[in-house]
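Below is one structure, written out as structure tokens; the observations come after it.
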Amino acid sequence: MLARSPGFFVGKPVVLDLSAVDLSQSAIAHLVTSLEQRNIRVLGIEGVDAAHLTTSMPPLLTGGRPTLLVQNEPKKPEAKPKSTSLLLNNPVRSGQSVVFTEGDVTVLGSVGSGAEIVAGGSIHVYGTLRGRAMAGVNGNSTARIFCQKIEAELLAIDGYFQTAEDISATLRNRPAQAWLEGNIMKITPLN
Amino acid sequence: MAKVLVVTSGKGGVGKTTSTAALGAALAQMGEKVVVIDFDVGLRNLDLVMGAERRVVFDLINVVQGVAKLSQALIRDKRLENLWLLPASQTRDKDALTDEGVGKIIADLRNNFDWILCDSPAGIERGATLAMRYADEAVIVTNPEVSSVRDSDRIIGMLDSKTVKAERGERVEKHVLITRYDAARAARGEMLSIEDILEILATPLLGIIPESQDVLKASNVGSPVTLNNAASAPARAYMDAVRRLMGETVNMVVPAERKGLMNRLLRRRAA
């Protein structure tokens with residue numbers, strides 16, 4: 001490993017452990033100077049008799065203990081699991097278009113006339129649905145549309161749609177849900 | 001602290017300019033220092049309703065382009081000394097307005113006035129978006145009919161997304177002002193009721209201005225209705241609206257026309 005990265009110790013504080021080798025004073029001096037030439041700073045030496053060291057050499061260290069090097073890799077930003085629902089706190093105004101193909105859309109408020117909601121999953125409106133609601137756009141035929149008051153311009157599930165004209169007048173202004181039964185869209189009151 | 005208030009609606013002909021003039025005059029009558037700005041470049045009307053059309057020398061576009069100084073373009077009202085008008089240009093179009101130019105004018109006016117009322121043009125294009133761009137508050141003028149209400153809903157959506165305040169994550173304070181309201185026709189179901197409008201717009205109500213001949217009369221003589229005939233029903237409704245703007249709590253009543261006995265008898269026979 002060291003052969004592959006000769007610069008590994010460069011600029012790092014290094015302590016030489018000479019306990020595995022038996023070197024003379026001149027050999028140690030040679031080692032330290034050649035390390036210095038390679039820009040490796042030796043802070044201290046251990047595992048050697050004090051008599052072998054001269055004053056011009058790095059000091060003798062004792063009591064060194066092996067440590068486990070913890071590598072501080074930058075933490076990868078954890079990939080958030082993609083949210084499968086979208087919650088809107090405000091009414092959706094005329095002209096606004098909310099497209100969320102990943103899942104359900106919930107609106108705390110009304111959906112204005114001329115606004116549109118497109119969802120991969122179901123659509124829940126806690127208010128009056130006056131605009132267009134298109135659920136299950138990715139081919140999800142089990143998606144449904146729920147609203148507290150139905151005055152929708154258009155309802156669609158998985159491509160099957162009904163316009164305001166097709167929606168029975170008896171359902172108007174009531175809580176209702178729409179779902180697909182085969183390829184027929186059913187709309188029923190919720191209470 | 002100056003407040004920038006945009007008077008807007010989306011739909012045309014609902015009473016934005018009339019309401020801007022009436023609200024501006026009413027604020028000035030209560031002692032506030034007010035400037036009304038006409039953003040309807042190319043179709044300017046506010047000068048007519050304010051009765052200042054013969055005194056226009058420089059206009060908003062001149063100031064935006066640096067041809068004239070702001071102080072040269074401001075026209076002081078002859079009846080109210082703390083009411084000023086910044087007229088629009090009639091010979092240019094809305095493309096002559098720039099975001100920076102408008103921003104600079106508004107910033108300058110903030111130093112000198114208590115209220116800056118921006119009279120928005122109809123539509124949702126450049127003129128309308130620049131009129132609302134720097135607003136702190138908005139008055140959405142709505143008539144009791146479906147197309148006006150839907151357009152107002154659209155404008156509220158834009159106030160929540162296209163203004164400087166919205167982009168900073170703050171909220172533009174919004175108020176609905178219902179104009180041309182006819183209580184008798186609403187009772188007969190020929191008009192949307194107040195409840196229906198507020199249910200659709202989900203925005204607090206600032207006032208209800210009754211349909212009245214006095215409004216047209218005042219416009220024709222070039223005087224805001226609150227100045228022209230302060231005792232008239234629409235003038236009283238506008239005064240109430242202004243008190244609410246200034247933070248007072250005023251009961252929401254629709255001021256009725258005061259009619260003489262003879263008038264009432266004749267009306268009944270005709271019906």
Side-chain angles (χ1 to χ4, degrees), chain A residues 83 86-100 105-119 123-134 145-155 163-167 169-176 189-191, chain B residues 6 8-12 14 120 122-126 128-129 132 135 138-163 165-176 189 192-205:
Chain A
S83 176
L86 175 70
L87 179 74
L88 302 169
N89 276 312
N90 293 315
V92 182
R93 303 287 182 180
S94 178
Q96 292 178 332
S97 176
V98 177
V99 181
F100 185 75
V105 174
T106 308
V107 184
L108 304 179
S110 297
V111 177
S113 151
E116 104 187 334
I117 310 253
V118 179
I123 296 173
H124 311 257
V125 180
Y126 293 91
T128 310
L129 173 57
R130 296 191 181 85
R132 301 155 155 251
M134 289 165 243
I145 300 169
F146 304 86
C147 60
Q148 276 198 333
K149 227 175 167 190
I150 183 166
E151 285 179 42
E153 289 165 355
L154 181 134
L155 296 177
T163 58
E165 275 200 343
D166 309 324
I167 301 168
T170 54
L171 287 166
R172 300 242 139 209
N173 280 317
R174 297 171 66 182
L190 273 176
N191 55 355
Chain B
V6 60
T8 184
S9 71
K11 194 177 181 303
V14 295
S120 168
I124 52 172
E125 283 79 31
R126 195 174 181 82
T129 47
M132 71 169 67
V139 169
I140 298 113
V141 182
T142 305
N143 286 172
E145 44 111 9
V146 282
S147 58
S148 173
V149 173
R150 188 207 263 177
D151 290 359
S152 296
D153 196 42
R154 177 93 164 92
I155 282 289
I156 294 172
M158 294 181 70
L159 284 164
D160 285 338
S161 59
K162 299 255 164 86
T163 53
K165 271 207 148 184
E167 283 168 11
R168 274 201 231 122
E170 298 166 40
R171 285 184 82 85
V172 173
E173 209 180 307
K174 299 175 291 287
H175 317 269
V176 170
L192 281 179
S193 71
I194 304 286
E195 294 75 40
D196 288 345
I197 299 171
L198 296 181
E199 210 261 314
I200 293 174
L201 295 182
T203 302
L205 180 63

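Throughout, protein chains are lettered first and strands after them, A, B, ... in sequence-line order, and every chain is numbered starting at 1.
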Counting N and O atoms only, with roles assigned by atom type, does the side chain of B/Arg154 sit under 3.5 Å from a partner on the main chain of A/Ala115, one being a donor and the other an acceptor?
no

With a 6.0 Å cut-off (strictly less than), is the heavy-atom count around NZ of A/Lys149, excluding the residue itself, greater than 12?
yes

We want to know whether B/Arg150 and A/Ser113 form a side-chain donor-acceptor pair, criterion being a heavy-atom distance below 3.5 angstrom.
yes

To the closest 0.5 Å, what do you measure between CG (B/Asp151) and OG (A/Ser94)?
7.0 Å

Can you name the closest pair of heavy atoms from B/Leu201 and A/Arg93 and give their distance?
O-NH1, 2.5 Å

Within a radius of less than 6.0 Å around CD of A/Glu165, do more than 12 heavy atoms belonging to other residues, nucleotides or ligands occur?
no

Taking all non-hydrogen atoms of both residues into account, name the closest pair between B/Asp153 and A/Val92 and its distance.
OD2-O, 4.4 Å

